[in-house]
Amino acid sequence: MKPEHVDVLIVGAGAAGMMCAIEAGRRGRSVRLLDHARAPGEKIRISGGGRCNFTNLGTGPGNFLGENPRFATSALRRFTQHDFVKRVDKAGIAWHEKTLGQLFCDDSAKQIIRMLTDDLREAGATLSLGVSVERVARAGEGFEAALSDGSTVRCASLVLATGGKSIPKMGATGWAYETAKGFGLRVTETRPALVPLTFEPGLLERLKPLAGVSVEAVVSHRPDPASTSPKGGRPNRETRFAEGLLFTHRGLSGPSVLQISSYWREGEAVSVSMAPGVDVFAALKAMKAENGRQAAHTALGQIVPRRLAERLVEQEQAQGNLADLPDKALRRLDEAVNGWSVKPVGTEGYRTAEVTLGGVATDQLDQQTLAAKAVPGLYVIGEAVDVTGWLGGYNFQWAWSSGWAAGQAC
């Protein structure tokens with residue numbers, strides 16, 4: 001069987017891969033887009049509770065982690081969040097803004113996938129599903145890929161767009177990393193990110209009554225100076241996020257915790273304020289003066305959820321009426337609410353992680369085109385690159401922007 005010849009072979013029909021295929025096709029390139037899944041854009045489909053948080057109005061380089069977060073600047077500026085919104089509007093997809101600049105479809109994430117697959121067809125790109133790459137190697141000035149269906153494809157440009165290891169039940173693998181290494185590219189350490197944190201059994205047992213309790217919180221983290229370096233991908237300063245927090249049967253989740261998980265490392269603590277902006281001591285003191293006969297947990301329950309108040313009062317041995325509690329007991333409750341320092345033992349791992357932190361090192365790639373500097377014709381885009389966004393649409397925007405940038409060049 002003779003090899004098929006195309007200008008561009010893109011492996012991975014997710015957000016970045018489809019965007020790249022559309023742009024390359026519009027330039028008149030012959031494009032084949034592969035994915036081992038039975039449907040394109042599976043992460044798009046499940047994102048945002050099925051409504052796809054497709055971008056964030058505040059997207060900028062400061063919303064990303066990696067050895068060099070500034071690497072993302074060029075692509076993000078050349079294809080912005082506003083550019084993607086224009087495409088969504090053109091497709092007639094209704095959307096709304098939630099908190100912190102997050103944009104969601106009014107209806108279904110499937111509308112975004114349909115928009116992309118329609119654009120793929122119009123651009124003349126060929127989409128092949130249920131097909132994976134068995135082997136890929138240099139062939140002259142291009143590449144040759146042996147596919148799982150027994151066919152062979154030769155291409156001038158090869159684009160790695162298969163993402164990272166997060167959510168393996170959807171077929172996620174480290175294929176892009178291993179393939180990049182095979183071509184001599186450096187890959188940074190990878191780990192689960194935007195993922196719930198877990199506690200040791202003893203602490204879990206004590207916090208068991210709180211499973212399901214949620215609060216608006218500020219979660220902060222300061223890294224161990226010994227674990228940071230100019231290439232560590234983490235700022236050597238305190239990072240904090242003010243969003244929802246959820247107690248779970250395994251530890252902590254919720255947006256603020258998912259955000260901080262990208263910065264946290266094993267052995268480090270996180271600090272939690274569960275009534276940010278409230279002087280709990282002053283509030284309890286005032287309630288004591290007004291009605292000293294009310295129970296401490298009843299008073300504290302006006303500031304935080306009742307189950308949490310009951311647990312903290314018990315923990316700090318502050319049971320009884322406010323009138324019977326000295327100021328030092330009220331200060332302990334204040335510290336328990338807004339000065340909780342806790343040391344997680346781990347995360348829930350790739351099973352529930354929304355993204356993978358780390359990836360193909362940015363110093364191996366051209367920031368304008370996402371092309372590998374030492375391997376002409378090879379491109380790496382999206383989550384496979386060591387560029388990881390915050391929760392809230394940032395990772396999708398990186399996928400659109402990096403896919404668009406590579407599509408102008410491959």
Side-chain angles (χ1 to χ4, degrees), residues 15 43-44 46-56 58-59 62-66 69 98-104 109 163-170 172 190-199 204 207 210-223 233-235 238-266 268-274 276 340-359 383 386-399:
K43 270 197 172 182
I44 298 174
I46 68 168
S47 68
R51 292 192 173 182
C52 187
N53 180 191
F54 57 82
T55 193
N56 193 295
T59 302
N63 305 118
F64 294 86
L65 295 84
K98 284 193 175 180
T99 57
L100 304 174
Q102 302 171 58
L103 303 190
F104 290 78
K165 304 175 184 177
S166 57
I167 318 183
K169 69 179 182 181
M170 295 182 62
T190 56
R191 58 185 291 124
L194 299 183
V195 62
L197 299 174
T198 57
F199 295 154
L204 276 182
L207 296 180
L210 298 180
V213 171
S214 62
V215 294
E216 288 299 313
V218 172
V219 180
S220 57
H221 165 267
R222 185 179 295 277
R234 295 192 298 163
E238 185 178 70
T239 303
R240 56 175 53 205
F241 292 96
E243 296 182 69
L245 174 147
L246 174 70
F247 288 88
T248 74
H249 291 288
R250 297 185 178 90
L252 294 177
S253 188
S256 60
V257 172
L258 300 187
Q259 297 278 36
I260 216 71
S261 72
S262 297
Y263 297 84
W264 173 83
R265 296 293 182 275
E266 287 80 358
E268 297 177 343
V270 296
S271 298
V272 182
S273 171
M274 293 178 283
W340 182 31
S341 179
V342 62
K343 190 176 288 187
V345 295
T347 75
E348 290 191 5
Y350 289 115
R351 180 181 64 83
T352 58
E354 297 207 10
V355 293
T356 302
L357 190 68
E383 192 182 341
D386 179 24
V387 173
T388 304
W390 291 358
L391 184 73
Y394 300 101
N395 287 293
F396 271 129
Q397 186 57 47
W398 168 243

In the structure I gave you, are the side-chain heavy atoms of L194 and N395 within less than 4.5 Å of one another anywhere?
yes

Please tell me whether T55 and Q397 have a donor and an acceptor in their side chains that are separated by less than 3.5 angstrom.
yes

Using 4.0 Å as the upper bound for N to carboxylate O, is an ion pair formed by E354 and K43?
no

Member of I260, L210, L258, V257 meeting the side chain to side chain contact (heavy atoms under 4.5 Å, CB included) criterion with L252:
V257

Evaluate the side-chain proximity of I167 to Y350: yes if any heavy-atom separation is below 4.5 Å, no if none is.
no

Report yes or no: do S253 and E348 form a side-chain donor-acceptor pair below 3.5 Å?
no

So do V342 and V270 actually touch side chain to side chain, heavy atoms under 4.5 Å?
yes

Can you find a side-chain donor-acceptor pair between H221 and E238 that sits under 3.5 Å?
no

Any side-chain heavy-atom pair of V219 and L245 under 4.5 Å:
yes

For a quick test of reading the model, state the closest non-hydrogen atom pair linking P276 to E216 and the distance between them.
CD-O, 3.5 Å

Looking at side-chain heavy atoms only, is the closest gap between Y263 and P223 below 4.5 Å?
no

Could you check whether any side-chain N or O of T198 sits under 3.5 Å from a backbone N or O of G346, counting only pairs where one atom can act as donor and the other as acceptor?
yes

Less than 4.5 Å apart, side chain to side chain, heavy atoms only: is that true for V355 and L357?
no

Between E266 and R191, is there a salt bridge with N-O shorter than 4.0 Å?
yes

Which atoms form the tightest heavy-atom contact between N56 and L100, and what is the distance?
ND2-O, 3.0 Å

Between the side chain of S261 and the main-chain N/O of V195, is any donor-acceptor distance below 3.5 Å?
yes

Minimum-distance pair of heavy atoms, taken over all atoms of A15 and A399:
CB-CB, 3.7 Å

Anything under 30° is parallel, anything over 60° is perpendicular, the rest tilted; go ahead and classify Y394 against F64.
perpendicular

Indicate the atoms forming the closest heavy-atom contact of P196 with T352, along with that distance.
CD-OG1, 3.6 Å

Audit row: Q259, T239, side chain to side chain donor-acceptor pair (under 3.5 Å) steps and yes/no
CA-CA 10 Å; Q259 297 278 36; T239 303; over 6 Å; no

Indicate the atoms forming the closest heavy-atom contact of F104 with F54, along with that distance.
C-CE2, 3.7 Å

Kindly indicate whether the side chain of L207, heavy atoms from C-beta on, has any atom under 4.5 Å from the side chain of F199.
yes

Heavy atoms, side chains only, cut-off 4.5 Å: are W340 and M274 in contact?
yes

Please report the shortest heavy-atom distance between N53 and S47, naming the atom on each side.
N-OG, 4.0 Å

Might you work through the side chain to side chain contact (heavy atoms under 4.5 Å, CB included) test for W390 and S262, ending with a clear yes or no?
CA-CA 8 Å; W390 291 358; S262 297; over 6 Å; no

